Amino acid sequence: MAVPTSIYQTSTGQYTATGDMPTYQIRAPTTALPQGVVMAASPGSLHSPQQLAEEATRKRELRLMKNREAAKECRRRKKEYVKCLESRVAVLEVQNKKLIEELETLKDICSPKTD
DNA sequence: TAACTATAACGTCAGTCAAG
DNA sequence: CTTGACTGACGTTATAGTTA
């Protein structure tokens, strides 16, 4: 099943906002591990099925923990992006209102008098 | 006050994509 | 091809507001 890519996602995964608003490019390499993460022993030192199972479990827990953090960060960025869009909507609505008013004024000025 | 509803935040899975 | 980061989708949980 194909998962549709987000309409607000660039090819590199950053959120973008068009127009005057800032562009988010905050994807940074995550080098630091969360506290409490123990690095694996080198693969060559694993032998017994017991050790292999423990290694698999450890890898899974590490993956889940990283994904947990990634999901939090992803949601935070998305919220920020939505906020950004909302404030842009507000600005454009004000702009639009002003332009409509200006248009009405110009119409009044330019329309032939009918007395 | 208990039962219900709406909403937000979360954790996990599965899929995509870019880099190596 | 493999791997790691990212993110949509889904189910769960917590919390606040509403109603009988």
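Any value given below was found using the heavy atoms of this structure, including those in side chains, with hydrogens, waters and symmetry copies removed. Being a predicted model, the structure only gives us computed values, none of them experimental. Chain A is the first sequence line, chain B the second, and so forth, proteins listed ahead of strands; every chain is numbered from 1.
- Every residue two or more places apart in sequence or in another chain was checked for a salt bridge (charged side-chain N to carboxylate O under 4.0 Å, His left out) with A:Glu93, and none qualifies.
- Remark: A:Glu73 engages A:Arg76 in a salt bridge, criterion side-chain N to carboxylate O under 4.0 Å.
- In this structure A:Gln50 satisfies the side chain to side chain donor-acceptor pair (under 3.5 Å) test together with A:Glu54, sequence neighbours excluded.
- Across the protein-nucleic acid pair, A:Lys66 atom NZ and C:dC6 atom P stand 11 Å apart, rounded to whole Å.
- Taking atom NZ on A:Lys72 and atom C1' on B:dA9, their separation rounds to 10 Å, with Å as the unit.
- Between B:dA9 and A:Lys79, a contact under 4.0 Å exists linking OP1 or OP2 to a side-chain N or O.
- Atoms CZ (A:Arg68) and P (B:dC13) sit 10 Å apart, rounded to a whole Å.
- Here the straight-line distance linking atom CG of A:Leu85 with atom NZ of A:Lys83 works out to 13.0 Å at 0.5 Å rounding.
- One finds no side-chain N or O of A:Arg75 lying less than 4.0 angstrom from the OP1 or OP2 phosphate oxygen of C:dC6.
- Atom CZ in A:Arg76 sits roughly 14 Å away from atom C1' in C:dC6 (whole-Å rounding).
- Remark: C1' of C:dA5 and NZ of A:Lys78 are 17 Å apart, rounded to the nearest angstrom.
- Nucleotide B:dA8 holds its P atom 13 Å from the NZ atom of A:Lys83, rounded to whole Å.
- Here C:dT2 presents its C1' atom at 15 Å from CZ of A:Arg63, a figure rounded to the nearest Å.
- In this structure, A:Arg60 atom CZ and B:dG11 atom C1' are separated by 11 Å, rounded to whole Å.
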